[in-house]
S.K.: 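Dropping the structure in here first, questions after.
No experiment lies behind these values; they were computed from the predicted model shown.
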Amino acid sequence: MRSAVPLALAALLGGCTTPERAAPIPAPPPPSAVLPAPPAGPPAVSGPVLDGSGACTGPAPGTAAAIEPGIGECDLVRLKGRPPTDVLVGEGRAGREVQVLYTEPGAKELYFFVNNRLDRIVR
């Protein structure tokens, strides 16, 4: 009787032990014919720029005739005729960002540059 029990048990379980099939792996999407362009880096800074002390890193081009949006950092110093009171140089989302402070009699002027181009003036 002992030998009959394992045989009966094996016969009963034999139908239950079918190998399980793994779920099919989905195929990867086909490669796109046009790949998206990598994000562009900040535009290159051209011309001489101010360092942290307010000095130009090269000769000012001298092309600007007035303080207006778009002039370079060194053009501002040349047009003002004296070094700035303070300069803050950093990197932002748009690239090189510089704040130039001039303390005027009775007022302060703050010039904001992005990539060596005057962006705005706060008086």
S.K.: Which atom names give the shortest non-hydrogen contact between Pro48 and Pro59, and what distance separates them?
M.R.: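 Closest heavy-atom pair between Pro48 and Pro59: CG-O, 3.1 Å.
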
S.K.: For Arg78 and Thr63, work out which heavy atoms get closest and say how close.
M.R.: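 That would be NH2-N, 3.9 Å.
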
S.K.: Could you tell me if the side chain of Glu97 sits less than 4.5 Å from the side chain of Glu91, heavy atoms only?
M.R.: no

S.K.: Tracing side-chain links under 4.5 Å among I, L, V, M, F, W and Y, which residues wind up in one group with Leu88?
M.R.: none

S.K.: Any chance you could measure Glu68, atom CD, to Asp75, atom CG, to the nearest 0.5 Å?
M.R.: 10.0 Å

S.K.: Can you list the residues that meet the salt bridge (charged side-chain N to carboxylate O under 4.0 Å, His left out) rule with Arg123, with sequence neighbours excluded?
M.R.: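 With sequence neighbours excluded, Arg123 shows a salt bridge (charged side-chain N to carboxylate O under 4.0 Å, His left out) to Glu109, given in chain and number order.
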
S.K.: Got a donor-acceptor contact below 3.5 angstrom from the Thr103 side chain to the Thr85 backbone?
M.R.: no

S.K.: Linking directly or through intermediates, with side-chain heavy atoms under 4.5 Å: list the remaining ILVMFWY members grouped with Leu79, chain and number order.
M.R.: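 Cluster partners of Leu79: Leu50, Ile67, Ile71, Leu76, Val77, Val87, Val89, Val98, Val100, Tyr102, Tyr111, Phe113, Leu118, Ile121.
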
S.K.: Between Ala94 and Val114, which heavy-atom pair has the shortest distance, and what is it?
M.R.: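 Closest approach of Ala94 to Val114: CB-CG1, 3.6 Å.
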
